[in-house]
Each structure stands twice: as structure tokens, then as C-alpha cells.
Amino acid sequence: MTQIGVLNEHPIDGSRESVRWWVQNSLFFTCQLLFPDVVDEPHGEICRFLEDAGEPMQASDYRRLKTRAALTPRHKLLVGARKILKSSIKQGRLVQLGLQNSELRILDMLKTLENAKNDLSMVRAMLENAVLVWAFDDIIPSEDEKGQAWAWSKEFVCLRRKGNYPEPTFSAAGIGKNLTSRHYNVIFLDDIVVAVLAGMYAQEIRPSPRDNESAWGFHQTQLTGLLDEKPTHRGNPELLYPSQVLSLNNRWGTDDYVDRILKGDPLFEVMTVPIRWPGNDPVTQRRGKPVWPTGPYGTEEVLNRMEKGMSTYIWNTQYLCNPVDPAEMVFRQEDIQYYSLLPELKRIVGAMDLAFSLDKSACFTAAVVVGQDDRNNWYVLDAVRGHVDTEGQVNMFFGLVETWRPHAFAIENILAQDKLLDIIRKDMRFKLLAETGTAFFGVKPARGESKDQRIEALQPRFRNHTVFLHKRQTELIQELTRYRRKTASIRDLVDAFAYVPRLLNDNELRQHAFDSAGDSFEDGVTLAQIEREILEPDGHSLWAAYANAS
């Protein structure tokens, strides 16, 4: 094999030296060589994180000083969702390390020895890749040497090397294995705490506290002792790096093994890669979007189907990497009921929560319409939100009224928001409410009532399965399942929904029964004219008035 050309945008000049250089200096290249699905977003960033071995020391300085005092370990903790190839990239890093320096002693530790053996079998297969065998034939043993001169089993794999060590290049181990008198330059801890399968359908449940304690106990009492004190090189013999731990784990709770590392081991650098970027991600343009947009889980539709097909606990911990105390999970995925056909409804109401910013990171203007049947079940008929200006808010309101003809529609009117009610009443379309008999009024939180209290008052209805949504209402479903007590999250639709109980109250409806006598609407009047009339004498926009009131 003499010609490779360009491999996944990496220029290769066809020589063994070129391939060797790329493999030894780019984990991303190595992974693309081994795994065709690896792409820059998100795998490039993961590769760069895992291959960072810390600040090196000159070999000449180490030989002169005979000390590692100047070397600070840079351990890595990758908290990654399932199905983003994190274990594949880890296997690529194992291969790269062995080909950088076959004198390294590397431990691959998983929850059980059997899991670790399966993992090392994958690494062994990768070392038989035709390109790698061609480029590193001085390091990778020949077929005749495997299992003879050099270990080549499920548990131990050894590359050609000069040193004589009791440990091979790669060793597999379960977390409980006795490793007395063994020392390693790199230790991988891959999912050393895993779920328990329980029940008739082998559903995953939270690992036992004992498993977490066992993992953390190993971390505190044995891990440091297994690391060799002598620094080693990573392809360039003149640059030496301290021994390193790379931990790849997922979240299981607020006091799990990962949490213990975050709170108790400052030597670990942390990277978190969920399957969908959180709504408060520092990078504004990727908020709420799939982490792997070109992958099999790269669309909102696929992610939404996945979310609906599993418990809220597994989705939050294993896919969003966002553990929560079960007590904080107010609206569980399994408590959300769905309808396909609507029953006869005896009452329909709508509620709107206003926002006054077009910034994509700001709150949404949100509205929900809910129907009630004769058994007091609720059906969410519509749930819409958007970053819209005053005209968009007015159009949203009249669009919902025209579509659903509700018995009542309320808009939250705190601060300057009551001015929008005046704008709506003066709009020529307001006469539509006379035709539909829709009671229209503003609502405010009850005295002493917090937003969280109002929202969480909905929980018993969801737990009792008396609220039904349509599967297309994905934004509302996401807001509900991601809602946490006293935690910042997108909750605008949920906040509007929280006013629904008041709107379905007979006394509230009688108090606000439609009466157009006090309202004046006039054909041909524009929104701008209405705003000027209501907001004179300063002539500022409604949004400016809201900002000033805030």
C-alpha cells in the first residue's frame, strides 16, 4: 500500500511517515480512519479534549532533575450522552496511545471484567486495520507473533517494545479486580457505574448507592497508587507527560460518581456532551439543537421520538447528562397522556404570557388553548410561542380566538403588559369576540403566589392522567419534562398553562363575561395609531414602556 491521497480532508502524501504522523498527532484523524461516522461536529471537539495530555516536561530536564515535581497531572472527565460514539472515540485513543509509544502500560477498566474484555477485543480488531498495519508494521506484531512473542488475547494485548514490564501495552479489568503491584501510565475508567436491569421488561433503574460508593472508594484509595510516577512520551521522546486518568461516564443522579469527582477531585478537567445542547448553552446559536446534526439522532423529530419512548429519568440522565433528584421531576414523561381524537368539549379557554424582546435568548411570548370535557379532563388544543413584537402578539391572540372560539381568553397583565389589552380592545378585529362570546380580561398572580407555585399546582392533574396533549405539541412537552423547581429553564408555555385552572373556574368566568358596551373598536385604525393613542404623551413603543416599567 503506497497511496492514500486525501483521507476525510486530511492531506496524506502517500508515505508511511505521513500516515504515522497523522495517527500519532491527531486523534480525530485516527478516529476517522477507524470509524466512518466520526465528523467534526461534535467528535472533533471530543477528540481534542481526550488527546490533551497536559503540559510536558523536556526529557533533558527530567533526567537532570530526576523529579516529577514540575509535572501536574491533567486528568479528564468526559460526561457524554449515549449514542454519540464516545466509547468508539475512547477506543481510538487507546489505539493512538499504543502507536505513539508502545512502551506505555494502559489499563482499560469497565464495570465488569467481561465488559472490559469485549472493549479490548474491539481495540485488538482496530490494530488489525490494513492502513495501521502497513504504517506501523514495526510496532504491531505479525500474525505469527500474536499470542506467541506478544500477548494478544481478550484480556491482554501487547505491542512490540523494548522494555520488560509485568504489564502489557493494554490490560482489561473490572472495577473489583485485584491489581496489586501493577502500575500504569494511562488509566481509562469507562462507565464503571451502570444501570440495573429490573422488572419483566428489563427496564433500567438507578444504580444502587453501593455501586456509587464502590466506584468512589476505588477512586480515592486505589487509583492514585496504580499510576506510575515516571513520566512518559506521547510520540516525541523529548517531551514527557505525567501519568493520566481518562474517565468516561454518564450521570445517574445528583450524588453519583461523576458528582463526587466534580466536587472532590480538582485535578480533573470536565467536558459534557449531551445529545441535545441545553437551552442555556453559552453558545447561543446551538441552544436546544442536536449535538450531532449529521448523525442518526440529528433532528428534533428523532430526538422527540426518543424522549417520548423512555422514562424521564433515563432521558435526563443518560441523554441530557442532567441528573435531577426525583423529587425535582415535577412533570414526568410517563405522566403525559396523548389524544388523537377530541371528545365533545363543554368549555374552551385560552391564556397568554407576554414577553417583550426579540432576542433569541430571551423569553417567548406564549399562549395555550385548553378544552374541558364533561368528565373534567383537559385537552391542550394549541400551544404556540415565539419571539414576536407587539403586532405579532396581537395577531397571535386573534388567530387563536378565530381558530378555537374560546369561552374565555386571558392575558397576564403585570407591569406595562396591560397596555396590550387596550391595544387589542381597540383593534377592529375585537368585534370577533362579540361573535364568539369570548370573555377577555387580564390576569395577575394571586397575592403571595410565586410562578413555581402556580405551575406546580398542575402536577396532580398530570399524575392523575387527566391532562391530554397532542404529540405535535413538542415545545410544551419539552418545557414540562425539563421543568425543575427553582432552576432556570424555558417555561413560557407552562407559565401560560398555569393560568388555565383560574379560567375554568365558574366564578371567574361569570365575573368576566363578555360585554362589548365598554369597548370601542373602529374599522380602519392601524396598530401604530392605537399605540400612539394609548402611549401618549411620550409616544414610546409598547416595548419601551414595558422596559421602563421594569
Side-chain angles (χ1 to χ4, degrees), residues 53-54 57 59 62-63 65-69 71-76 90 93-95 97-98 100-121 123-124 127 139 141 145-193 211 213-234 237 240-249 257 260-261 264-265 267-268:
M57 171 185 276
Y62 177 78
R63 289 191 292 269
L65 298 173
K66 292 295 181 182
T67 178
R68 66 191 292 263
L71 287 170
T72 301
R74 184 173 294 176
H75 303 321
K76 299 287 184 172
K90 182 213 75 172
R93 179 58 173 157
L94 280 159
V95 169
L97 283 167
Q100 285 177 335
N101 180 3
S102 60
E103 303 292 326
L104 291 176
R105 291 158 289 159
I106 305 166
L107 177 64
D108 187 19
M109 177 172 281
L110 282 81
K111 169 65 175 175
T112 67
L113 176 59
E114 191 62 31
N115 290 346
K117 286 181 177 180
N118 292 337
D119 198 62
L120 195 55
S121 294
V123 172
R124 189 179 59 181
L127 289 167
I139 295 177
E145 294 174 315
K146 292 174 182 176
Q148 303 298 321
W150 307 104
W152 204 262
S153 68
K154 289 185 177 181
E155 192 170 353
F156 304 108
V157 173
C158 195
L159 302 177
R160 287 199 189 109
R161 61 186 181 181
K162 297 178 181 178
N164 184 19
Y165 309 102
E167 307 89 355
T169 310
F170 306 101
S171 300
I175 191 170
K177 185 174 181 179
N178 185 356
L179 297 170
T180 303
S181 302
R182 300 284 172 148
H183 296 91
Y184 303 93
N185 310 113
V186 183
I187 297 177
F188 286 85
L189 303 176
D190 188 358
D191 284 334
I192 61 173
V193 179
D211 286 345
E213 291 299 331
S214 176
W216 183 240
F218 166 81
H219 188 104
Q220 287 184 302
T221 60
Q222 299 184 49
L223 189 56
T224 302
L226 291 173
L227 289 172
D228 194 348
E229 293 187 358
K230 184 179 179 181
T232 49
H233 74 81
R234 301 292 185 271
L240 303 181
Y241 294 86
S243 295
Q244 186 181 37
V245 177
L246 295 96
S247 181
L248 294 85
N249 286 276
Y257 172 62
R260 303 290 184 88
I261 295 178
D265 199 328
L267 294 178
F268 276 80

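All values derive from a computational prediction rather than experimental measurement.
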Requested in this report: With sequence neighbours left out, write down each residue that passes side-chain hydrogen bond (donor to acceptor under 3.5 Å, both in side chains) with E145, or none if nothing qualifies.
Outcome: S142, R160
Query - Test side-chain hydrogen bond (donor to acceptor under 3.5 Å, both in side chains) applied to R161 - qualifying residues, sequence neighbours left out - result: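 Testing R161 for side-chain hydrogen bond (donor to acceptor under 3.5 Å, both in side chains), a comparison that skips the adjacent residues, returns none.
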Is the shortest heavy-atom distance from the side chain of [X] to the side chain of [Y] under 4.5 Å?
{"X": "I261", "Y": "H75", "value": "no"}
{"X": "L267", "Y": "T72", "value": "yes"}
{"X": "Y241", "Y": "P231", "value": "no"}
{"X": "T232", "Y": "N101", "value": "yes"}

Requested in this report: In sequence, state the C-alpha distance, the side-chain angles, and the governing distance for V123 and V95, and then conclude on side chain to side chain contact (heavy atoms under 4.5 Å, CB included).
Outcome: CA-CA 7 Å; V123 172; V95 169; 3.9 Å; yes
Requested in this report: Would you please name every residue forming a salt bridge (charged side-chain N to carboxylate O under 4.0 Å, His left out) with E213, sequence neighbours left out?
Outcome: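 Partners of E213 under the salt bridge (charged side-chain N to carboxylate O under 4.0 Å, His left out) test: R260.
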Just verifying a value: how many Å separate [X] [atom1] and [Y] [atom2], rounded to the nearest 0.5 Å?
{"X": "L246", "Y": "R93", "atom1": "CG", "atom2": "CZ", "value": "7.0 Å"}
{"X": "L110", "Y": "D190", "atom1": "CG", "atom2": "CG", "value": "4.5 Å"}
{"X": "L223", "Y": "M109", "atom1": "CG", "atom2": "CE", "value": "8.5 Å"}
{"X": "T169", "Y": "L97", "atom1": "OG1", "atom2": "CG", "value": "11.0 Å"}
{"X": "L120", "Y": "N115", "atom1": "CG", "atom2": "CG", "value": "12.5 Å"}
{"X": "S247", "Y": "K76", "atom1": "OG", "atom2": "NZ", "value": "13.0 Å"}

Do you know which two heavy atoms are closest between [X] and [Y], and how far apart they sit?
{"X": "L104", "Y": "R234", "value": "CD2-NH1, 3.6 Å"}
{"X": "C158", "Y": "P168", "value": "CB-CB, 3.9 Å"}
{"X": "A215", "Y": "I192", "value": "CB-CD1, 3.8 Å"}
{"X": "L94", "Y": "F170", "value": "O-CE2, 3.2 Å"}
{"X": "P141", "Y": "W152", "value": "CD-CZ3, 3.8 Å"}
{"X": "L189", "Y": "N249", "value": "O-ND2, 3.6 Å"}

Okay, side chain of [X], backbone of [Y]: is any donor-acceptor separation there less than 3.5 Å?
{"X": "S243", "Y": "D228", "value": "yes"}
{"X": "E103", "Y": "K162", "value": "yes"}
{"X": "Q244", "Y": "R74", "value": "yes"}
{"X": "S102", "Y": "L159", "value": "no"}

Query raised in the report: How would you list, by chain and number, every residue that makes a side-chain contact (heavy atoms from CB on, under 4.5 Å) with K154, sequence neighbours excluded?
Result: K117, S121, R124
Throw together a table of side-chain donor-acceptor distances under 3.5 angstrom for residues 180-187, partners on residues two or more places apart or in other chains.
from: T180; atom 1: OG1; to: N178; atom 2: OD1; distance (Å): 2.5
from: R182; atom 1: NH1; to: P166; atom 2: O; distance (Å): 3.0
from: N185; atom 1: OD1; to: R105; atom 2: N; distance (Å): 2.8

Requested in this report: Start with the C-alpha gap between L107 and L179, add the side-chain angles, then the distance that decides, and say whether side chain to side chain contact (heavy atoms under 4.5 Å, CB included) holds.
Outcome: CA-CA 10 Å; L107 177 64; L179 297 170; 3.8 Å; yes
Report task. Identify, with sequence neighbours excluded, every residue that meets ring-ring contact (aromatic ring centres under 6.0 Å, His included) alongside H219. Result ->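 Expected list: W216, Y257, F268.
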